[in-house]
Amino acid sequence: MNFIALFFLLTLSFAQNLDFTSSEIRYYGYHVLHDWVGVSTNISSNVFYDSSSKTGSASVKVRLDSFDSKLYSRDSNMLYYTNAIDFPEVVFESTEAKVVDDSVYIQGDLTFHGVTKKIKTTAHIELNDIKRLSGSFQIKLSDFNVKRPSLMFIAIEDNMRIEYSFKSTQ
């Protein structure tokens, strides 16, 4: 019986939920006439890491209306084109996460505008006193059936870069 208790305690010491107290997601938009960045720090995440198997899982949600590009009309336009009333959140659920040295190879499902697509991303991770996870990936708005707005009859670029950064002092 003591062996079972010891095994349970050892398992708990290797597996942990990471509570990220400071998170940020940025999207980068591009148009012939200008580029911009929309930023959200209002992110809900649940990240689990098992140091013995060097695997993990993640669930991340961000509301579209939490992004700020420093221009109200652009943010309002983004909410209109992404149909944020019907699809208010972007959700990522990992299906696989493997840590190798200071990198995490992550695969999962990204749901945006009512469409779910598989994505892959590589993140940089620090698991010392301050835990950090950061990385990026690209999406195509057309893959998620998002009609692209136009300025002077020229649509914004289909490709968008997404950057994420999570930090915890836990």
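Keep in mind that this is a model prediction, so the values were computed, not measured.
V90 and L79 fall within the same hydrophobic cluster, defined by Ile, Leu, Val, Met, Phe, Trp and Tyr side-chain heavy atoms under 4.5 Å apart, directly or through other members. Connection of I162 to W36 is established within a shared hydrophobic cluster, with ILVMFWY side chains joined at heavy-atom distances below 4.5 Å, either directly or through further cluster members.
Closest non-hydrogen pair, R74 versus S69, comes out as NE-OG, 2.9 Å. Across all their heavy atoms, R148 and I156 have their closest contact at NH1-O, 2.6 Å. The shortest heavy-atom contact between T55 and S53 is OG1-OG, 2.7 Å. Residues P149 and Y81 approach most closely at CB-CE1, 3.5 Å, considering heavy atoms. In this structure, Y164 and S136 approach most closely via the heavy-atom pair CE2-N, 3.5 Å. Summarising the geometry of A97 relative to S57, their closest heavy-atom pair is CB-N, 4.5 Å, with the distance given to 0.1 Å.
The backbone N or O of M78 lies less than 3.5 Å from a partner atom in the side chain of T82, making a donor-acceptor pair. Side-chain atoms of D101 never come within 3.5 Å of backbone atoms of S103 as a donor-acceptor pair (strictly under, hydrogens ignored). The main-chain N or O of L141 is found under 3.5 Å from a side-chain atom of D158 such that the two form a donor-acceptor pair. T95 places a side-chain N or O within donor-acceptor distance of the main-chain N or O of Q107, the cut-off being under 3.5 Å.
In this structure, K140 places its NZ atom where only 12 or fewer heavy-atom neighbours from other residues, nucleotides or ligands lie under 6.0 Å away. Other residues, nucleotides and ligands contribute more than 12 heavy atoms inside 6.0 Å of the CG atom of L33.
Between V60 and I25, some side-chain heavy-atom pair lies under the 4.5 Å cut-off. Residues Y49 and V104 have side chains not in contact (no heavy-atom distance under 4.5 Å, counting atoms from C-beta outward). Residues I139 and F137 form a side-chain contact, since some pair of their non-hydrogen atoms from C-beta on lies under 4.5 Å apart. Taking the side chain as every heavy atom from C-beta outward, V39 and D68 never approach each other to under 4.5 Å. Using a 4.5 Å cut-off on side-chain heavy atoms (C-beta onward), D102 and H124 make contact.
Annotation: the span from T121 atom OG1 to Q138 atom CD amounts to 10.5 Å, rounded to 0.5 Å. E24 CD to I43 CD1: the interatomic distance, rounded to the nearest 0.5 Å, is 7.5 Å.
Side-chain contact check for D50 and S52: at least one donor-acceptor pair (N or O, by modelled atom type) lies under 3.5 Å.
Under the rule for a side-chain contact (heavy atoms from CB on, under 4.5 Å), the partners of Y28 that lie at least two apart in sequence or sit in another chain are R26, Y30, V37, R161, E163. Evaluation of the ring-ring contact (aromatic ring centres under 6.0 Å, His included) rule for H31 yields H34 as partners, not counting sequence neighbours.
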Listing, residues 112-120 side-chain donor-acceptor contacts under 3.5 Å, not counting sequence neighbours, or none:
{"residue": "H113", "atom": "ND1", "partner": "F144", "partner atom": "O", "Å": "2.9"}
{"residue": "H113", "atom": "ND1", "partner": "N145", "partner atom": "O", "Å": "3.3"}
{"residue": "T116", "atom": "OG1", "partner": "T111", "partner atom": "OG1", "Å": "2.7"}
{"residue": "K118", "atom": "NZ", "partner": "D109", "partner atom": "OD1", "Å": "2.9"}

Does S59 form a side chain to side chain donor-acceptor pair (under 3.5 Å) with E93? I'd like the steps, not just the answer. CA-CA 5 Å; S59 172; E93 296 282 341; 2.9 Å; yes
